[in-house]
Amino acid sequence: MTKEEILLRPFKPADQDTVKELILAGLGEHFEQINPIFNPDLNNISESYADALFIVAQDAERIIGTGALVQRGPDCGEIVRMSVASDKRRHGIGTQILRQLCDEGRARGYTQIILETTATWTEVIEFYKRFGFRITHEVEGEYGRELYFALELTQ
């Protein structure tokens, strides 16, 4: 694999520490303090996402991105834990991860993909909108306003 090539692959237990660190670092960029106690799913990703598709993006040197697709109904999936290393953003990696997760949703027969993000993360909001997601509603959450999105899948 050359430096420019990105491999998207399923999460492996050996990825645990690196993936947890990557996700928490991304959250840390947006929140003043990160308390791992609020992210218990990251303590054992294999177990927490046993029934989901959790993928990592890897370049020649390291894991640089993550994303998961979790079933939320018979025909609906939810994208969670999307994260790309700060030095690798705006290189299309997030788009590759999101595309693979949506393709997997289609393969599983989902007609809709949903996700949520914090309302202050404007670059993330624009990323999802460019991909075709639409805002469905907002909720005042414990840590600020949260935006909810949906994408209708076509076969």
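In this chain, numbering begins with 1 at the start of the sequence shown. For clarity, every value in this text was computed on a predicted model and none was experimentally measured.
To the nearest 0.5 Å, atoms CG (Asp15) and CZ (Phe54) are separated by 9.0 Å. Rounding to the nearest 0.5 angstrom, the gap separating the CD1 atom in Ile113 from the CG atom in Leu101 is 8.0 Å. With rounding to the nearest 0.5 Å, the separation of CZ in Arg108 from CG in Leu69 is 5.5 Å. To the nearest 0.5 Å, atoms CZ (Phe149) and CD (Gln112) are separated by 13.5 Å. From Glu126, atom CD reaches atom CZ of Phe131 across 15.5 Å, with rounding to the nearest 0.5 Å. Here the straight-line distance linking atom CZ of Arg72 with atom OH of Tyr110 works out to 9.5 Å at 0.5 Å rounding.
Within 6.0 Å of atom CD in Glu47, 12 or fewer heavy atoms from other residues, nucleotides or ligands are found, so the atom counts as exposed in its surroundings.
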Could you go through Gln71 and Leu53, starting from their C-alpha distance and side-chain angles, then the distance that decides it, and tell me whether this counts as side chain to side chain contact (heavy atoms under 4.5 Å, CB included)? CA-CA 9 Å; Gln71 186 169 6; Leu53 171 64; over 6 Å; no

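A side-chain contact (heavy atoms from CB on, under 4.5 Å) with Tyr128 is found for one member of Leu98, Leu147, Leu151 and no other, namely Leu98.
When hydrophobic clusters are built by joining Ile, Leu, Val, Met, Phe, Trp and Tyr residues whose side-chain heavy atoms come closer than 4.5 Å, directly or via intermediates, Leu115 is grouped together with Ile125.
Under the side-chain contact (heavy atoms from CB on, under 4.5 Å) criterion, Thr18 pairs with Ile63, sequence neighbours left out.
Across all non-hydrogen atoms, the minimal contact from His91 to Lys88 is CD2-O, 3.3 Å.
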